[in-house]
Chemist: 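Submitted below is the structure of interest, expressed as structure tokens.
Model, not experiment: these values are computed from the prediction.
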Amino acid sequence: MRVFFVFEDPLDETGLNLSYIDVPTQNPTKAIEWVENAADSGELWAQLYPDEQEHPFRLIPGKMMYQEI
């Protein structure tokens with residue numbers, strides 16, 4: 001399942017960014033929960049921006065959608 005999400009990005013000139021991550025499940029609810037939990041724990045940001053650990057990225061709740069791949 002591919003989950004698209006919007007997050008606050010201090011490195012972007014607009015302050016927002018759209019990205020996606022592939023989650024190994026076919027259950028949309030579990031995929032979105034995985035993204036939310038990974039964002040809260042910092043795992044999502046570590047995967048997307050491994051060299052930017054000093055910048056605080058924040059997921060914008062409700063701004064997610066999924067696509068079966």
Chemist: With Asp12, which residues qualify under side chain to side chain donor-acceptor pair (under 3.5 Å), at least two apart?
Modeler: Thr14
Chemist: Roughly how far apart are Ile60 CD1 and Asn17 CG, rounded to 0.5 Å?
Modeler: 10.0 Å
Chemist: Using a 4.5 Å cut-off between side-chain heavy atoms of Ile, Leu, Val, Met, Phe, Trp and Tyr, which other residues end up in the same hydrophobic cluster as Val3?
Modeler: Met1, Phe5, Phe7, Leu11, Ile21, Val23, Ile32, Trp34, Val35, Leu44, Trp45, Leu48, Tyr49, Phe57, Leu59, Met64, Tyr66
Chemist: Looking at residues at least two apart in the chain, or sitting in another chain, which of them share a side chain to side chain donor-acceptor pair (under 3.5 Å) with Gln47?
Modeler: Glu43
Chemist: Please name the pair of heavy atoms, one in Pro10 and one in Pro56, separated by the smallest distance, quoted to 0.1 Å.
Modeler: CD-O, 3.6 Å
Chemist: With sequence neighbours left out, what residues match Glu8 under salt bridge (charged side-chain N to carboxylate O under 4.0 Å, His left out)?
Modeler: Arg58
Chemist: Sort and list the pairs that fulfil salt bridge (charged side-chain N to carboxylate O under 4.0 Å, His left out) and have at least one residue in residues 22-36, not counting sequence neighbours.
Modeler: Arg2-Asp22
